[in-house]
Number of protein chains: 2
Amino acid sequence: MAMRRSALSSGPEKRSPATASKRASTRAQVDQAVRTRLLTGRFIPGKSVTIRGLAADLGVSPMPVREVLQRLSAENVLEVKSNGRVQVPSMTPARFDEVLTARLLLEPELAVLALPSLSAADADALTEIDDDIDVRLSNGDAESYLRLNHAFHFAMYRASGSEVLLPLIDSLWLQFSPFMRTVYGRVGTANLVDQHKAAIAAIRDGNASALRAAIRADIQDGMGLLGREILSSKPPA
Amino acid sequence: MAMRRSALSSGPEKRSPATASKRASTRAQVDQAVRTRLLTGRFIPGKSVTIRGLAADLGVSPMPVREVLQRLSAENVLEVKSNGRVQVPSMTPARFDEVLTARLLLEPELAVLALPSLSAADADALTEIDDDIDVRLSNGDAESYLRLNHAFHFAMYRASGSEVLLPLIDSLWLQFSPFMRTVYGRVGTANLVDQHKAAIAAIRDGNASALRAAIRADIQDGMGLLGREILSSKPPA
DNA sequence: CTTTCCAGAAAGTGATCACATTTTTGCCAA
DNA sequence: TTGGCAAAAATGTGATCACTTTCTGGAAAG
């Protein structure tokens with residue numbers, strides 16, 4: 001294996017004991033790094049994640065990693081096996097159906113709740129993200145698609161100022177993203193469709209029912225159709 | 001303050017270093033203990049929870065407590081202030097509305113998903129819990145009511161074998177239970193109504209739409225009416 | 001060539017320490 | 001009595017160690 005030092009922070013490695021330093025705890029950095037990896041599918045379902053291994057990978061001590069893995073386990077994002085080992089859970093048909101159900105129940109609702117707070121400027125920002133998505137899709141860049149699709153949805157959702165629904169949806173995305181990455185890697189991204197433009201139009205019109213329908217359809221298009229099919233063929237995943 | 005040693009495990013206190021001992025990790029025990037306290041309202045909203053303090057209270061070392069607090073923070077159950085201190089969050093009107101919305105979206109759905117797995121024996125068990133609830137309500141025993149109401153709902157939900165929706169709902173209950181305890185303590189439990197009997201009837205009939213309606217109404221009755229009113233009068237809570 | 005078993009490595013868990021920061025307390029002066 | 005200020009206590013965070021359990025790989029036996 002090639003030399004890889006400190007996937008976290010490219011700066012000079014000074015870390016005196018217990019130096020909370022620059023107002024960003026090491027745990028928060030590790031947490032962000034792991035979440036990003038999950039959301040962009042850089043953690044494959046079934047992959048086992050070890051404290052010391054990830055700590056070495058990120059160039060930090062085991063303690064912050066240990067706490068982050070606890071957090072993600074509690075969020076139902078990582079799975080703790082009976083022997084204590086932690087891994088990215090494999091997707092099952094039952095699990096997939098539940099995630100889809102939960103998304104369809106929660107996300108259209110939160111989008112509608114966010115609607116009053118979404119300005120024309122927000123709609124412009126969403127359009128910019130969506131244009132970027134179109135480019136990535138045609139290029140087959142699955143990882144960037146995942147990242148931007150997440151950015152699109154959460155730019156909407158965050159506008160709601162939600163304190164309860166948003167964390168729930170956050171957990172859901174962390175749960176399905178690793179699996180969807182494998183799906184997109186298998187079937188490609190070229191024929192992926194979404195309802196982002198319909199959603200943006202609904203936002204500009206301030207049309208709640210249209211926005212609800214768009215988000216619902218978007219989830220079905222991006223996740224429902226493909227994933228269900230994949231799971232029928234390959235058992236665990 | 002009176003002497004209080006080890007609220008956890010009344011047995012002889014032997015704990016050699018790193019003895020995973022009797023197949024129940026200390027962390028799991030602490031986790032269960034804290035969750036029970038939250039669900040029965042023994043943690044008051046606004047109460048600050050410290051690692052060392054809780055560890056001393058439970059008679060364990062700080063490490064397991066530290067991990068449990070991380071888990072509950074990640075689940076949006078405990079709040080981490082900007083200074084790192086952890087506390088049971090105060091309920092706000094916005095937060096309350098969101099919890100109620102999320103409950104109404106998720107719980108009726110999961111109940112219906114559980115319906116096919118609910119046998120006549122399960123209905124009998126639910127009836128037994130509900131009878132117990134009636135006794136506690138007339139006695140004004142708010143803490144037992146919280147515990148049994150939780151038991152009633154989750155006896156249903158668990159039958160679904162859910163891996164995704166159930167953890168989400170779990171998080172919601174941990175979020176609103178401390179607040180509801182203060183509500184019941186203020187208005188009493190005598191005039192509390194629920195739809196448990198309607199739910200049990202729907203289960204015995206295998207009637208999905210009736211069950212969905214019963215759960216929805218039960219949530220409105222037990223939480224919606226009272227809580228909204230209380231929040232109008234006292235600001236934080 | 002396959003199976004069994006044992007030694008070494010790897011991994012999670014709990015304990016303890018050190019340190020920076022924040023909070024609390026108690027005292028002194030106005 | 002009250003206001004502020006400094007000392008002390010409390011708290012979260014990171015690091016490190018010890019120990020148990022589990023996993024892995026290879027050697028020996030069939």
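Only a predicted model underlies this, so the values are computations on that prediction, with no experimental measurement involved. Values below: all heavy atoms of this structure, side chains included; hydrogens, waters and symmetry mates excluded. Just so we're on the same page: letters track the sequence lines, and every chain starts at 1.
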Item to check | Partner residues of B/Arg95 under the side-chain hydrogen bond (donor to acceptor under 3.5 Å, both in side chains) criterion, sequence neighbours left out | outcome: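 Applying side-chain hydrogen bond (donor to acceptor under 3.5 Å, both in side chains) to B/Arg95 gives B/Gln175.
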Interatomic distance, [X] [atom1] vs [N] [atom2] [rounded to whole Å]:
X: B/Gln70; N: D/dT13; atom1: CD; atom2: C1'; answer: 10 Å
X: B/Lys47; N: D/dT11; atom1: NZ; atom2: P; answer: 12 Å
X: B/Glu67; N: C/dG14; atom1: CD; atom2: P; answer: 7 Å
X: A/Met63; N: C/dG12; atom1: CE; atom2: C1'; answer: 12 Å

Item to check | Contact nearer the 5' end of DNA chain D, comparing A/Arg85 with A/Ala28 | outcome: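 Counting from the 5' end, the first nearest nucleotide belongs to A/Ala28.
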Checklist entry - More 5' along DNA chain D: A/Pro64 or B/Gly53, using each one's nearest nucleotide? => result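 Its nucleotide being nearer the 5' end, the pick is B/Gly53.
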Next on the checklist: Is the phosphate of C/dA11 approached by A/Asn83 (side-chain N or O, under 4.0 Å from OP1 or OP2)?
Outcome noted: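 A/Asn83 to C/dA11 OP1/OP2: no side-chain N or O under 4.0 Å.
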Checklist entry - Between A/Ser25 and D/dT13, does any side-chain N or O lie under 4.0 Å from OP1 or OP2? => result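 A/Ser25 to D/dT13 OP1/OP2: no side-chain N or O under 4.0 Å.
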Checklist entry - B/Ile51 has a side chain; which of C/dG14, C/dT23, D/dT13 sits nearest to it? => result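 The closest nucleotide is D/dT13.
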Side-chain-base donor-acceptor pair under 3.5 Å for [X] and [N]:
X: B/Arg66; N: D/dG14; value: yes
X: A/Arg27; N: D/dG12; value: no
X: B/Arg52; N: D/dG12; value: yes

Next on the checklist: Taking any heavy-atom pair under 4.0 Å as a contact, classify B/Val49: base, sugar-phosphate, or nothing.
Outcome noted: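 The answer is sugar-phosphate, as B/Val49 gets under 4.0 Å only of primed atoms, P, OP1 or OP2.
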Next on the checklist: Donor-acceptor check, side chain of A/Ser160 to backbone of A/Leu113, threshold 3.5 angstrom: yes or no?
Outcome noted: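 Answer holds: no.
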Checklist entry - So, A/Glu107 side chain and A/Ile215 main chain: donor-acceptor pair closer than 3.5 Å or not? => result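 No: the side chain of A/Glu107 does not pair with the backbone of A/Ile215.
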Checklist entry - So, A/Asp31 and A/Arg35, do they make that salt bridge, N to O below 4.0 Å? => result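 Yes, charged N to carboxylate O under 4.0 Å.
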Checklist entry - Mind checking whether B/Phe179 and B/Phe176 have ring centres under 6.0 Å apart? => result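 Not close enough - the centres of the two rings lie 6.0 Å or further apart.
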Next on the checklist: Show the nearest heavy-atom pair for residues A/Val34 and A/Phe43, with the distance to one decimal.
Outcome noted: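 Scanning both residues completely, I find the closest heavy atoms to be CG1-CE1, 3.8 Å.
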Item to check | Mutual orientation of the aromatic rings belonging to A/Trp173 and A/His153 [parallel < 30°, tilted 30-60°, perpendicular > 60°] | outcome: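 Tilted.
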Next on the checklist: Does anything in residues 71-79 of chain A come within less than 4.0 Å of DNA chain D? Heavy atoms only, and list the residues if so.
Outcome noted: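 Going residue by residue through residues 71-79 of chain A, none turns out to have a heavy atom under 4.0 Å of DNA chain D.
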